[in-house]
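Proteins get letters first, then strands, A, B, ... in listed order; numbering begins at 1 in each.
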Amino acid sequence: MIEYDSAKIEAKWQRRWAQANAFCAKDFDAERKKRYVLVMFPYPSGDLHMGHLRNYTIGDVVARYYRMLGYNVLNPMGFDAFGLPAEQAAIDRQVHPRDWTNEAIKTHKRQLEQAGFSYDWARMVNTSSPDYYKFTQWIFLKLFEMGLVYRREAPVNWCEEHGVLADEEAPEGRCWRCGEIVHAKMLSQWFIKTTEFADELLRGIEALNEWPERVRVMQRNWIGRSMGTEVKFYIPAINKSVEVFTTRADTLFGVTFLAFAPEHNLAEELAKIGGKLDEFTSFREAVNKVSTIERFAEEKEKSGIYLGLNAVHPLTGEEIPLYCADYVLMEYGTGVVMGVPAHDTRDFLFAKKYELPIIKVIERNEDSSNEGEAELPYTGYGVMVNSNEFSGKKSEEGIRELNTLIESKGLGGAKVQYRMRDWLVSRQRYWGVPIPIVWCDNCGAVPEKYDNLPVILPENVEFTATPSGRLATNPDFVRTVCPNCGRSAKRETDTMSTFVDSAWYFLRYCDPKSEKEPFRKELVDYWMPVDEYIGGIEHAVGHLLYSRFICYALNRAGVISFKEPFRRLFTQGMLYKDGAKMSKSKGNVVSVDHFLQKYGSDTARMISLFWGPPERDVEWQEGGVEGCFRFIKRLFNFFVSTWDYVKDATSVNLENPSDQEKEFLHIIHSGIYDVTETLNNWHFNTTVSSLMILFNRLSDAWGKLSDKQKGLMSLRFLLKEALLTLLKLLSPISPHVAEELWEFSGQSGFVMHAEWPKYDERFLKRAEIEYGISINGKPRSTITVQLGTDLEDVRRLALEEPKVKSLVAGKKVIRVIVVPDRLVNIVVR
RNA sequence: GCCGGGGUGGCGGAAUGGCAGACGCAGUGGACUUAAAAUCCACUGGGAGAGAUCCCGUGCCGGUUCGAGUCCGGCCCCCGGCACCA
């Protein structure tokens, strides 16, 4: 008998699929509806492990299922190939990042092919190739043109020896190379104005009803819209006003100080005039010395200094002292807060420390009966007190009326504030997309012309230079001419964050060979949006929000005609082993190569689904692997050994099926039903169970037949049908063995292109139905009746069942509930 | 603190308000074998009982219902995210 040989079978079918272009997506197919299935593309580094394989399997099963349902499926794959590790390899191992990256891509591609993933490789995208990053630059220029790109100073992690560090290179505020404390250093950098779309992006979330709720919440929090009031406080010493933002205008009468962020550009000037420059300078230095993490740690005591000047309260005219305080954030609001110690925890702590007055202006509502009501700070809403004409009003009412009053006096008014900040895209690194900007002494920062794209990333640079200086070490790259005036000029030597590369790759898949433009609009409009986007929760805000932003912006530019790129989002769980997420750095990986060699990809794909629900984290379990492997082998052996019995069977009349025939029909159709339903609901772990049940029932039922019955044409025909159906149902999950048996049984074409089986309602239920009988809700017995037995008869039979009869004897039957095809509950007293 | 997701056998996990524990793993017994592996068959939530059976069981307390793992109210615990955001 033929033996199951996974390696041989899998190599064979991967070759055949490739030769036949079996995974090719067809642009503008008029016959079929499109489905765009996408798994977040990987950063190519090292080998794939089983955790990756699980993610890609989810996407591939969906893609293969949709194909069999008759959709025109786009299932692409590519590589997010720029980034830090490649550059680090260049330093550590003297390999060029390009070679290191291309090597990793080759390995990844081979492993993905060996797993049998049905990607349309003709559409492969590599973000580090000039054909691709040309258009990353194109998009940057487009945003520039739209006024969505600007430059300003922003802090970077700075190590005296190693220059600019990425966040992951500065764990716990220390340089990962030398361990020195990392400081914040201000550097002029490029920003993309994501805040321009803050409100649109926020409102857009409402329509994303096929996204997981937690991701929507995370995006809402990230955008962080809050409604409040902007109020001007006049500072006589400089004859200027300063604006503060507050969500609690109702506490305005309780303001006893104003606090500036140390980074605020007015703070130093005020300290100077106030005669407190020395104190201010040493305070600011002290603040800078502590790492950002420490400064904003939860238990950190608040500190600050008096700036020696006062402002005037806009409503009461009272003098309010000006402070500089370390707990005030420059990045949020205006960088100045009004201090209301009685009704804000932080202001309260600050006021206590510096002995500032605490004025209570909000009284708790009476109905929120609180005995210890004297306790301050009280941060909730309530009734205003000590607030002149506003005393007695409710907080909500006070806020509304104060907004109007402040506005009428020209002191500010209602204001919407976002937590979201603009997107810092400059990276002081070599291995990334060159920012297409030219620095000209006459014209300043000038965007490169579209025609001059791509600005090629040079091969030759000094990797021994500090990260920020590497690209600058190639004089041929730096030297250029100004696109504006034609005089000699210098190129920008920062590169772009890789989040820019990955914010549009899903558009490139729609038209990957386009040369003049990033993609043809009609192709993107055909394929987009992505119907099923699969990836990790770690991208809930960063990648997903940037991608949404890019689409909103390109939509405004008229480049695409939709806004939301991802119709449905599926966040898959992580694979854990020994209590930690499977990752190379943790040293707990199970390599794909090793696994595929031992069991084959059909088993790998099956077990990675079978471990648990796809959206949940699961723990690696060697035991389950054996189970799947055995199942595939059993199925293979059964198929090969029984096929001879049934292969010649021809269609028979099944108008009045016998009991055995009914049993086979039931097994087949309930199997189709279960597999289809679980696939539709993405319960892939139970899809695997359903396949096992289908097979187990089938082999049991066949095994129980007598030799004479096995000779009957009708049963042979039904088994044949069942086996071929099973192959189709198995095909999305374990496609190679399905193809092998499909061919073995003499079928034509690929099973992956076969039509998905349909079930017949009539056969979903067994010919005989077992009813459970409960008395007062406790299961007591069972009866078996013919399918379709009248419910009245079921009720009668249940009551006549001997055990039930004896248990009910002497009691009064109050009610009998008959649930069709399930159970009878008898209520007695 | 706020938000999101979970708590079911020895383990991973099933279960449109309808016989809890499907499927798989592990375990026990048996068949085959000189033996082991592989394979196949049977059993396998806990307790009581010789047995038919009975009692208890889905984190805890209560409620709705003929019937609750599932719905409602109140807690406890675990995991993840966010947070000096004014």
P atoms of C71(B) and U16(B), separation to the nearest Å: 11 Å
Sugar-phosphate only, base, or nothing, as touched by Val827(A) at under 4.0 Å among non-hydrogen atoms: sugar-phosphate
Touch class at under 4.0 angstrom, heavy-atom based, for Pro613(A) against every strand present: sugar-phosphate
Euclidean distance for P, G73(B) against G80(B) (whole angstrom): 27 Å
Electrostatic pair Asp700(A)-Arg697(A), nearest N-O below 4.0 angstrom: no
Side chain to side chain donor-acceptor pair (under 3.5 Å), paired with Tyr418(A), selected from Thr194(A), Asp199(A), Thr195(A): Asp199(A)
Arg220(A) to Trp211(A) six-membered ring, cation-pi geometry met (6.0 Å, 45°): no
Donor-acceptor pair under 3.5 Å, Gln417(A) side chain vs C85(B) base: no
Sugar-phosphate, base or nothing in reach of Asp347(A), heavy atoms under 4.0 Å: nothing
Candidate nucleotides A86(B), C25(B), G18(B), ranked by approach to the side chain of Arg630(A) - the nearest: C25(B)
Basic-acidic side-chain contact under 4.0 Å: Arg796(A), Glu800(A): yes
Other residues, nucleotides, ligands: >12 heavy atoms within 6.0 Å of Trp222(A) CH2: no
Sugar-phosphate, base or nothing in reach of Arg421(A), heavy atoms under 4.0 Å: base
Sugar-phosphate only, base, or nothing, as touched by Glu626(A) at under 4.0 Å among non-hydrogen atoms: nothing
Residue-phosphate contact under 4.0 Å: Asn685(A) side-chain N/O, A14(B) OP1/OP2: yes
Straight-line distance of Asp250(A) CG to Arg400(A) CZ, nearest 0.5 Å: 11.5 Å
Sugar-phosphate only, base, or nothing, as touched by Ile817(A) at under 4.0 Å among non-hydrogen atoms: base
Closest to the Arg822(A) side chain, choosing from G18(B), C84(B), A86(B): G18(B)
Using the 3.5 Å cut-off, write out each protein N or O paired with an N or O of nucleotides 52-59 of chain B and the distance between them.
unit_1 : atom_1 : unit_2    : atom_2 : d
C54(B) : OP1    : Lys803(A) : NZ     : 3.3
C55(B) : OP1    : Arg780(A) : NH2    : 3.4
C55(B) : OP2    : Arg780(A) : NH1    : 3.2

Electrostatic pair Arg766(A)-Glu663(A), nearest N-O below 4.0 angstrom: yes
Any Arg616(A) side-chain nitrogen or oxygen under 4.0 Å from OP1 or OP2 of C79(B): no
Any Arg346(A) side-chain N or O less than 4.0 Å from OP1/OP2 of C85(B): yes
Between Thr784(A) and Glu768(A), a side-chain donor and acceptor under 3.5 Å: no
C1'-based separation of C54(B) from U39(B) [nearest Å]: 39 Å
Whole-Å C1' distance, G57(B) and G9(B): 10 Å
Contact under 4.0 Å: Arg815(A) side-chain N or O vs C66(B) OP1/OP2: yes
P atoms of A15(B) and U70(B), separation to the nearest Å: 15 Å
